[in-house]
Peer 1: 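Here you go, one structure.
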Amino acid sequence: MADGRIAVIGSGYVGLTSGACLASLGHDVVCGDSDATKVAALSRGEVPILEPGLDEMVAKGIASGRLTFVHGATAAAKGSRYIFLCLPTPDGGDGRADLRIVHNVVAEIGPVLDPGAILVTKSTVPVGTAHDITATVARPDIAVVSNPEFLQEGTAVRNFMNPDRIVVGSTDRVAAEAVAELYAAFGAPSVVTSPESSELIKYASNAFLAMKLSFINSIGALAETVGADVAEIANGMGFDERIGPKFLRTGPGWGGSCFPKDTRALATIAADHHVQFPLLEATTVSNDQAQDRVADKVRAAAGGSLDGVVVALWGLTFKAGTDDLRDSPALAVAGRLAAEGAVLRGYDPAISVDVKAGKDRPDVTVVPDAYSAVAGAEVLVVLTEWPIFSELDLVKTAEGMTGRTIVDGRGMIDPAAAAAAGFRLVPLGRPAH
Ligand code: UGA
């Protein structure tokens, strides 16, 4: 076990998962957060986010005495050997990450850190942040290590407990290896790098995956027009070990709280350093086009105009397994429909309140079940890959609708069942029948 306590600053999605999972490995973990109400709830074992397995992990950690929650960064950092910074780094509005929260916390805890403590950045931070944090702390006895996370929402606990690799970057190799050692139980390869490389590995990984998705979505558009099937193409490509089978599922574009922000941020980092990186811009443009194409199909299904047309949306979150609506491709498509006058009724297993129009979202009336969503709808569009959408009764679905088209943005609907229920099925990435 690590000789020394681990402090995790920030009990959001990354911090809470990291803290609970590190405690499950036998480490002594204290999580500090600035939100006293959240700290009180977490201390009672109440987890505020939907993440499979996290409730149990937190409950076990609390019961074992190895996971505790305190109010404030200083209370957690004092007396800890490892201080994991899991703080928000929102888009600053100009494509650059806003690091004020990180630097404020570092400035606050710097003076109280134990001699020899190691500051670990887990938040996704621009290249040079470890260097800047070293300057902010201004203590030669404190090492700074970049240790990016690669957790996916909806499978974060599983991802944490089964990492593909552990990346640690620092100018202090001993400190980097000490941080890698915290994960030794996993037996995953450790990649020990400079802080700059480590910081870029995170952005490069996310932007690469986004690029892979934009690529397959464009192949899907081509497949539709030439009579091919994108799923067959992805299968054929994926056997090539250099390509791999994952992240080749076509859909209504990619989204979530990371890919859009990180792809933009990497483009800005490149531009700031006068490096041309046209693939990044193309990745984002292709994603907008993927969303346009789904909206085009819905408009076409409605006969060419969406004005006053009721459209049912199955799925609102940015992917299945989460209640996160941030930068959701489902809402990006919905926004396009609403802009043309469509009236939107949505169902999502993880969303129970109406979606209100905002920066990246339109008004959607949210109903409590999939069949109510289609009542009076001209077109049904499937936008998130919740497994339940494959299991619903399409005859019952058809009964409530005025129209007979399903635009299947996620490949969830069985063509034979759709045909048997009298639907015209418009898929993505292969021609409609
Ligand atoms: C992403 C990365 O996958 C994680 O490795 C990373 O740690 C995380 O960002 C982060 O930076 O914190 P996440 O945002 O949870 O994880 O979501 P993904 O599972 O990667 O999905 C992103 C989007 O791609 C979703 O809209 C999803 O529906 C879409 N997608 C994914 C597809 O359209 N097709 C696929 O085959 C896979």
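Just so you know, these numbers come straight off a predicted model, no measurement behind them.
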Peer 1: Will you find, in the side chains of Ser146 and Ser198, an N or O donor that is under 3.5 Å from an N or O acceptor?
Peer 2: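 Checked: Ser146/Ser198 side chains pair up, N/O donor to acceptor below 3.5 Å.
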
Peer 1: Can you tell me how far the CG atom of Leu380 sits from the CD1 atom of Ile413, to the nearest 0.5 Å?
Peer 2: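 It is 6.5 Å, given to the nearest 0.5 Å.
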
Peer 1: Flag the pair Phe389 / Trp314 as yes when their ring centroid distance falls below 6.0 Å, and as no otherwise.
Peer 2: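 Judged by ring-centre distance (under 6.0 Å), Phe389 and Trp314 do meet the cut-off.
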
Peer 1: Please test Val364 against Lys356 for side-chain contact (heavy atoms from CB on, under 4.5 Å), starting from the C-alpha separation and ending with a verdict.
Peer 2: CA-CA 7 Å; Val364 181; Lys356 293 287 171 213; over 6 Å; no

Peer 1: Has Glu181 got more than 12 heavy atoms of other residues, nucleotides or ligands less than 6.0 Å from its CD?
Peer 2: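 Count not over threshold, so no.
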
Peer 1: Could you grab the distance from atom CZ of Arg264 to atom OG1 of Thr283, nearest 0.5 Å is fine?
Peer 2: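 Arg264 CZ to Thr283 OG1: 13.0 Å, rounded to 0.5 Å.
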
Peer 1: Does atom CZ of Arg165 have more than 12 heavy-atom neighbours from other groups under 6.0 Å away?
Peer 2: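 Yes - once you tally the heavy atoms of other residues, nucleotides and ligands closer than 6.0 Å, there are more than 12.
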
Peer 1: For the residue pair Leu119 and Ile109, establish whether any side-chain heavy-atom pair is separated by less than 4.5 Å.
Peer 2: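 Heavy-atom side-chain distance check passes, below 4.5 Å.
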
Peer 1: Once you round to the nearest 0.5 Å, how far does CD1 of Ile216 lie from CD1 of Ile243?
Peer 2: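 One gets 9.0 Å once the value is rounded to the nearest 0.5 Å.
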
Peer 1: Please check if the side chain of His27 supplies one atom and the backbone of Ala23 the other of a donor-acceptor pair under 3.5 Å.
Peer 2: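 It does not hold such a pair.
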
Peer 1: Side chains of Thr250 and Asn217: is there a donor and an acceptor less than 3.5 Å apart?
Peer 2: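 The criterion, which ignores hydrogens and geometry beyond distance, is satisfied for Asn217 and Thr250.
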
Peer 1: Considering only residues two or more places apart or on different chains, which pairs with a residue in residues 47-63 satisfy side-chain hydrogen bond (donor to acceptor under 3.5 Å, both in side chains)?
Peer 2: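 Qualifying pairs: Tyr13-Glu51.
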
Peer 1: Please determine whether the number of non-hydrogen atoms from other residues, nucleotides or ligands lying under 6.0 Å from atom NE2 of His131 exceeds 12.
Peer 2: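 Count not over threshold, so no.
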
Peer 1: Do Thr155 side-chain atoms and Arg158 backbone N/O form a donor-acceptor pair below 3.5 Å?
Peer 2: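 No.
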
Peer 1: Is any side-chain N of the basic residue among Arg81 and Asp114 closer than 4.0 Å to the acidic one's carboxylate O?
Peer 2: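 Result for this pair is no, no salt bridge flagged.
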
Peer 1: Is a salt bridge present between Glu224 and Arg293, judged by a nitrogen-to-oxygen distance below 4.0 Å?
Peer 2: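 Result for this pair is no, no salt bridge flagged.
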
Peer 1: Above 12 or not: heavy atoms from other molecules or residues under 6.0 Å from NZ of Lys122?
Peer 2: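 Yes, the 6.0 Å shell around NZ holds more than 12 heavy atoms from other groups.
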
Peer 1: Please indicate whether Glu241 has more than 12 foreign heavy atoms, meaning atoms of other residues, nucleotides or ligands, lying under 6.0 Å from its CD.
Peer 2: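 Counting neighbours around CD of Glu241, 12 or fewer heavy atoms of other residues, nucleotides or ligands fall under 6.0 Å, so no.
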
Peer 1: Would you say the side-chain atoms of Thr284 and Asn287 include a donor-acceptor pair closer than 3.5 Å?
Peer 2: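 Per modelled atom types, Thr284 and Asn287 side chains form no pair under 3.5 Å.
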
Peer 1: Let's go through Leu383 and Arg410 carefully: what are the C-alpha distance in whole Å and the side-chain angles of both, what is the deciding distance for side-chain contact (heavy atoms from CB on, under 4.5 Å) to 0.1 Å, and is it a yes or a no?
Peer 2: CA-CA 6 Å; Leu383 292 169; Arg410 293 282 192 173; 5.7 Å; no

Peer 1: Side-chain contact test, heavy atoms from C-beta onward, threshold under 4.5 Å: evaluate it for Leu50 versus Glu153 and give yes or no.
Peer 2: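 A side-chain contact is absent here, since even the closest heavy-atom pair is not under 4.5 Å.
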
Peer 1: From Leu331 CG over to Asp348 CG, what is the distance, rounded to the nearest 0.5 angstrom?
Peer 2: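 Reported to 0.5 Å precision, the distance equals 9.0 Å.
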
Peer 1: Please indicate whether Phe186 has more than 12 foreign heavy atoms, meaning atoms of other residues, nucleotides or ligands, lying under 6.0 Å from its CZ.
Peer 2: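 Yes, the 6.0 Å shell around CZ holds more than 12 heavy atoms from other groups.
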
Peer 1: Counting N and O atoms only, with roles assigned by atom type, does the side chain of Ser328 sit under 3.5 Å from a partner on the main chain of Leu316, one being a donor and the other an acceptor?
Peer 2: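 Present.
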
Peer 1: Passes side-chain contact (heavy atoms from CB on, under 4.5 Å), Phe69 versus Val58? Steps please.
Peer 2: CA-CA 11 Å; Phe69 298 92; Val58 169; 4.2 Å; yes

Peer 1: Main chain of Asn159, side chain of Gln152: is a donor-acceptor contact present, judged purely on distance under 3.5 Å?
Peer 2: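 The answer is no, because no donor-acceptor pair under 3.5 Å joins these two groups.
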
Peer 1: Between Lys202 and Glu149, is there a donor-acceptor pair closer than 3.5 Å when you use the side chain of the first and the backbone of the second?
Peer 2: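 Yes; at least one donor-acceptor contact below 3.5 Å.
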
Peer 1: Less than 4.5 Å apart, any side-chain heavy atom of Val29 and any of Phe84?
Peer 2: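 SC-SC contact between Val29 and Phe84 ruled out.
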
Peer 1: Counting C-beta onward and ignoring hydrogens, is there a side-chain heavy-atom pair between Asp292 and Val333 closer than 4.5 Å?
Peer 2: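 Of all side-chain heavy-atom pairs linking Val333 with Asp292, none is under 4.5 Å.
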
Peer 1: I'd like to check Asn206 versus Thr263 (side-chain heavy atoms, cut-off strictly below 4.5 Å). Are they in contact?
Peer 2: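 When only atoms from C-beta onward are counted, Thr263 and Asn206 do not touch, as no gap falls below 4.5 Å.
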
Peer 1: Give, for atom CD of Glu177 and atom CG of Leu182, the distance between the pair rounded to the nearest 0.5 Å.
Peer 2: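 These two atoms lie 12.5 Å from each other.
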
Peer 1: Would a 4.5 Å heavy-atom cut-off, applied to side chains only, mark Arg430 and Pro427 as touching?
Peer 2: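 SC-SC contact between Arg430 and Pro427 confirmed.
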
Peer 1: Cation over ring, Arg326 on Phe318, under 6.0 Å and within 45°?
Peer 2: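 Here Arg326 fails the 6.0 Å and 45° test against Phe318.
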
Peer 1: Can you see which heavy atom on Thr129 is nearest to which on Val125, and at what distance?
Peer 2: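 Nearest heavy atoms, Thr129 then Val125: OG1-CB, 3.5 Å.
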
Peer 1: Are any of the side-chain nitrogens in Arg299 or Glu340 under 4.0 Å away from the carboxylate oxygens of its partner?
Peer 2: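 Between Glu340 and Arg299 there is a salt bridge, with a charged N closer than 4.0 Å to a carboxylate O.
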
Peer 1: Is it the case that the side chain of Thr384 and the backbone of Thr317 share a donor-acceptor pair, with hydrogens and angles ignored and the cut-off at 3.5 Å?
Peer 2: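 Here the side-chain-to-backbone pair exists.
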
Peer 1: Give, for atom SG of Cys258 and atom CZ of Phe150, the distance between the pair rounded to the nearest 0.5 Å.
Peer 2: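 Spacing of SG (Cys258) from CZ (Phe150) equals 11.5 Å.
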
Peer 1: Look at the side chain of Ser64 and the backbone N and O of Arg66, then say whether any donor-acceptor pair between them is shorter than 3.5 Å.
Peer 2: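 Here the side-chain-to-backbone pair exists.
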
Peer 1: Minimum heavy-atom separation for Ala143 to Asp172, with atom names?
Peer 2: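 Closest approach of Ala143 to Asp172, heavy atoms only: CB-OD2, 3.6 Å.
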
Peer 1: Thinking salt bridges, do Arg249 and Glu385 make one under a 4.0 Å N-O criterion?
Peer 2: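 Yes, this pair counts.
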
Peer 1: Between Asp354 and Val366, is there a donor-acceptor pair closer than 3.5 Å when you use the side chain of the first and the backbone of the second?
Peer 2: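 Here the side-chain-to-backbone pair exists.
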
Peer 1: Decide yes or no for Val106 and Val144: does some side-chain heavy atom of the first lie under 4.5 Å from some side-chain heavy atom of the second?
Peer 2: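 A side-chain contact under 4.5 Å is absent here.
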
Peer 1: Counting distance only, does the side-chain N/O of Arg336 pair as donor-acceptor with the main-chain N or O of Ala332 below 3.5 Å?
Peer 2: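 A pair under 3.5 Å: yes.
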
Peer 1: Looking at Thr68 and Val30, would you say the former's side chain and the latter's main chain have a donor-acceptor pair under 3.5 Å?
Peer 2: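 No, the answer is negative, given that no donor and acceptor are paired below the 3.5 Å cut-off.
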
Peer 1: How about Thr193 and Val168: do any of their side-chain heavy atoms sit closer than 4.5 Å?
Peer 2: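 They are not in side-chain contact.
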
Peer 1: Using salt bridge (Lys or Arg N to Asp or Glu O under 4.0 Å), reason through Arg96 and Asp91 one step at a time and then give a plain yes or no.
Peer 2: CA-CA 6 Å; Arg96 292 176 185 83; Asp91 189 329; over 6 Å; no

Peer 1: Test side-chain contact (heavy atoms from CB on, under 4.5 Å) on Val355 and Leu325; report intermediate values, then the result.
Peer 2: CA-CA 9 Å; Val355 175; Leu325 293 172; 4.2 Å; yes

Peer 1: Count the heavy atoms belonging to other residues, nucleotides or ligands that lie under 6.0 Å from CZ of Arg139, then report whether that count exceeds 12.
Peer 2: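 It does: Arg139 CZ has more than 12 such atoms within range.
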
